[in-house]
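Just below is one structure, and these are the notes that go with it.
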Amino acid sequence: MRRFLDRHWYAYAMVLPVVVVIAVLVLFPLAQGVFFTFTDINEGNIANPILDRPATYVSVGLDNYLNVLSGDASYGAFWSTLVRTLIWTFGCVFFHYTIGLGLALLLNREVRGRAVYRVLLILPWAVPAFISAFAWKYMFNAQYGIINQFLRFLGLDDPPVWLGQSDWALVAVIIVNVWLGVPFMMVALLGGLQSIPGDLYEAAEVDGATPWQRFRNVTLPGLRSVSSTVVLLGIIWTFNMFAIIYLITGPNPNTRILVTYAFERFFSGASRDFAVASTYGVLILSVLLVFAGVYRRALRKQGEVW
Amino acid sequence: MTVEAASLKAVPQARVRPRSRRSPLAGAGLHGALVVASLIAVFPVFWVLVTSFKPDAKAVETTPKLVNDSSLDNYGRILAGEKGDFLAWFGNSVLIALMTTVLAVFLSATTGYAASRFRFPGKRSLMLSFLVVQMFPFAVLIVPLYNILLALGLQGTSLGLVLVYCTTAVPFCTYMLKGYFDTIPNDIDEAGRVDGLTPFGVFWRLVLPLARPGLAVTAFYAFLTAWGEVAFASAFLSAADESKTLAVGLQVFVQQNRTEWGHLAAASILVAIPAIVVFYLVQRFLVTGLSSGAVKG
């Protein structure tokens, strides 16, 4: 034991603070949250030290899970919300990646004013998300928003009511989130592009490869490790993205995803249903864990080291 | 021809394709695409800036004009506290964001360094757990966290919120910094050790100064995490006006049927300025810092 500590104590001392913070503020709450899913806990029966009131919630077994997984509308219509969450996630990440890659490829060329373009293109990342949300909400307004003014100017007489009770609201929040997320992808992929040695392109050119062939056979494989990481992170972040939807459309059922519904359940309503909110949380985590496991296995099959 | 991804990582040489071979048409297309993308990226910010000078009534006219009775009135009213205690919110946000930045950079630097240089039992599971932490939806944590902060006496305080933000920022930052430290040659550590420095000394005096780009990106990320966070701030801070952060306070402008767009826009600009300043300071490090960090983690 002594030798063990002698050898590793530097390392442990350096990681200890993080481990403590994460254990206290993530692992312990997670365990408690999982426990809550088997109870009927809400605002009225949780222990309240300020009022000096003991907890009076009781165990309800698997009822919360059964209620949620039944897809009942009064429990947030789980399955259709899950489908909407998947559309939201994959829609956003697809455009993040393709637009981010396109811009990274353009910026990786020698262009006059490259530094200026780069600063301008990263700007959406620097603006706090809630400010961007307000800005877009303003621009999407059906009557006085600049977007519909522009569409009318283009000759579209009847532009959509973006943030109303229709699927246009989902399209609108996806547009905003794409705008927000592209800079991160662009910067990460730009870094990846710069680490691909130029000789490979020269060799490919000597062999007579067309630009498209060079892209498919040199650029994409060279970016694979970067791409696999940022796509996974992007999917996790987007799946759990809350602020944009909450601030732009509020509790609109047409933009409801799993996370926003859990928050609605937690915050609104007379009872503040902590149990169902926690149940949603556990289900979200399970979906992401399963996805990450499958993703990892798929990458390993391709010989990826990650 | 196929290329092994692994062999590419070993050559971190930036190479830019020469311009000479591009036809004028392709050059115009390239600039055209970049200009359009830049316009889309910048326009919402520009539009908020323009709106911030208009009175509320003119901000909702059906034919928007660039300048319409514009003045600095909105800014004056917000800074004077007529629309809620803006300066108090601002102070809270600055305090919370700076504390988060300092704490997160420090914690993720030590952890990232340990993960980069030492082999110790539990390292793999530590790094894996960081990835899983990214997946935790706050919804499952929000009630238990509330209880724990209450038990620790941190509920409603800035420090409680800072610790919560660190749990989001530190895992990602650690990944990024570990990757960055990996690119700093180990010889430097050994040389320092030979000169009689302790492992902490090597880390503090030799490695940290070399890792400045990585640290800058980490700081940027941690700052933005705290500066723009909404959910925890609305759930955990007390309802008293003077304890709110900007993200919570600004929601008073967005009432159900009556949004004060002019005032909201002016407040938004005031909020965006610190973030853009931080961004401008670190932007030249972003590509190197992020690429050698997160993406190879």
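Owing to the predicted nature of the structure, the values given are computational and were not obtained by experimental measurement. Chain letters run A, B, ... following the sequence lines, proteins first, then strands; residues in each count from 1.
Heavy atoms closer than 4.5 Å to chain B are found nowhere in A/F239, neither backbone nor side chain. There is no contact between B/I269 and chain A, counting heavy-atom distances below 4.5 Å. The contact between B/L107 and chain A is made by backbone and side chain atoms together, counting heavy-atom distances below 4.5 Å. Residue B/L34 touches chain A through both its backbone and its side chain, counting heavy-atom pairs closer than 4.5 Å. In this structure, chain A has a heavy atom under 4.5 Å from the side chain of B/P171, while its backbone stays farther away. Heavy-atom distances place no part of A/V116 under 4.5 Å from chain B, backbone and side chain included. Proximity to chain A (any heavy atom under 4.5 Å) is shown, for B/F46, by neither the backbone nor the side chain. For a residue to count as touching a neighbouring chain, one of its non-hydrogen atoms must lie under 4.5 Å from one of that chain's; by this rule B/W227 touches chain A with backbone and side chain alike. In this structure, no portion of A/F35 lies under 4.5 Å from any heavy atom of chain B. The parts of A/I122 that come within reach of chain B are both its backbone and its side chain, each placing non-hydrogen atoms under 4.5 angstrom from that chain. With a threshold of 4.5 angstrom between heavy atoms, A/R118 approaches chain B through side-chain atoms but not through N, CA, C or O. Neither the backbone nor the side chain of B/V278 comes within less than 4.5 Å of any heavy atom of chain A. Only the side chain of A/A13 comes within less than 4.5 Å of a heavy atom of chain B; its backbone N, CA, C and O stay farther away. Contacts of A/F134 with chain B are made by both backbone and side-chain atoms, with heavy-atom separations under 4.5 Å. For B/F223, no part lies under 4.5 angstrom from a heavy atom of chain A. When heavy atoms are compared at a cutoff of 4.5 Å, B/T174 does not approach chain A at all. In this structure, no portion of B/A109 lies under 4.5 Å from any heavy atom of chain A. With a 4.5 angstrom heavy-atom cutoff, B/Y146 does not touch chain A via any of its atoms. Both the backbone and the side chain of A/L289 come within contact range of chain B, each with at least one heavy atom under 4.5 Å from a heavy atom of that chain. In this structure, chain A has a heavy atom under 4.5 Å from the backbone of B/R119, while its side chain stays farther away.
Per-residue counts of heavy-atom pairs under 4.5 Å with chain B were compared for A/I146, A/L288, A/V21; the largest is that of A/I146. Looking only at heavy-atom pairs under 4.5 Å with chain A, the residue among B/G228, B/A267, B/S234, B/A265 that has the most is B/G228. Among B/A33, B/S38, B/P44, the residue making the largest number of heavy-atom pairs under 4.5 Å with chain A is B/P44. Per-residue heavy-atom pair counts under 4.5 Å with chain A were compared for B/P274, B/P199, B/S129, B/A272, and the maximum is reached by B/P199. Between chain A and the residues B/T198, B/L152, B/I40, B/V164, the most heavy-atom pairs under 4.5 angstrom are made by B/I40. Counting heavy-atom pairs closer than 4.5 Å to chain B, the top residue among A/F130, A/Y246, A/F36 is A/F130. Comparing B/V48, B/V170, B/L163 by how many heavy-atom pairs each has under 4.5 Å with chain A, the most go to B/L163. The residue among A/L123, A/I236, A/V19, A/L25 with the most heavy atom pairs within less than 4.5 Å of chain B is A/L25. Interface check for chain A: of the options B/A247, B/G122, B/A275, B/A114, the most heavy-atom pairs under 4.5 Å are formed by B/A247.
In this structure, the side chains of B/V271 and A/P128 come closer than 4.5 Å at one or more pairs of heavy atoms. For the pair B/L141 and B/T167, the minimum side-chain heavy-atom distance is 4.5 Å or more. Side-chain atoms of B/F172 and A/W237, non-hydrogen and from C-beta on, do get closer than 4.5 Å to each other.
Taking CG of B/L145 as the reference point, atom CD of A/Q32 lies at 9.0 Å (rounded to 0.5 Å). Note that CZ of A/F266 and CG of A/D273 are 11.0 Å apart. Values are rounded to the nearest 0.5 Å. Atom CZ of residue A/F274 and atom OG1 of residue A/T37 lie 15.0 Å apart, to the nearest 0.5 angstrom. To the nearest 0.5 angstrom, B/S268 atom OG is 8.5 Å from B/W261 atom CH2. Here CZ of A/R296 is found 13.5 Å from CZ of A/F291. Values are rounded to the nearest 0.5 Å.
Under a cut-off of 6.0 angstrom, the local environment of CZ in B/F120 is crowded, with over 12 non-hydrogen atoms contributed by other residues, nucleotides or ligands. Within 6.0 Å of OH on A/Y144 lie more than 12 heavy atoms contributed by other residues, nucleotides or ligands. Remark: A/R216 CZ is loosely packed, at most 12 non-hydrogen atoms of other residues, nucleotides or ligands lying under 6.0 Å away. Within 6.0 Å of CZ on B/F43 lie more than 12 heavy atoms contributed by other residues, nucleotides or ligands. Few gaps surround CZ on B/F200; more than 12 heavy atoms of other groups in view lie less than 6.0 Å from it.
Note: A/W136 and A/W179 have perpendicular aromatic rings, judged against thresholds of 30 and 60 degrees for the angle between ring planes. The aromatic rings of B/Y113 and B/F118 stand perpendicular to each other, their planes meeting at an angle above 60°, with 30° marking the opposite boundary.
Counting all heavy atoms, side chain and backbone alike, B/A59 lies closest to B/T51 at CB-CG2, 3.8 Å.
Here the rule is side-chain contact (heavy atoms from CB on, under 4.5 Å) with B/L250, and of B/L264, B/T245, B/V230 only B/L264 fits it.
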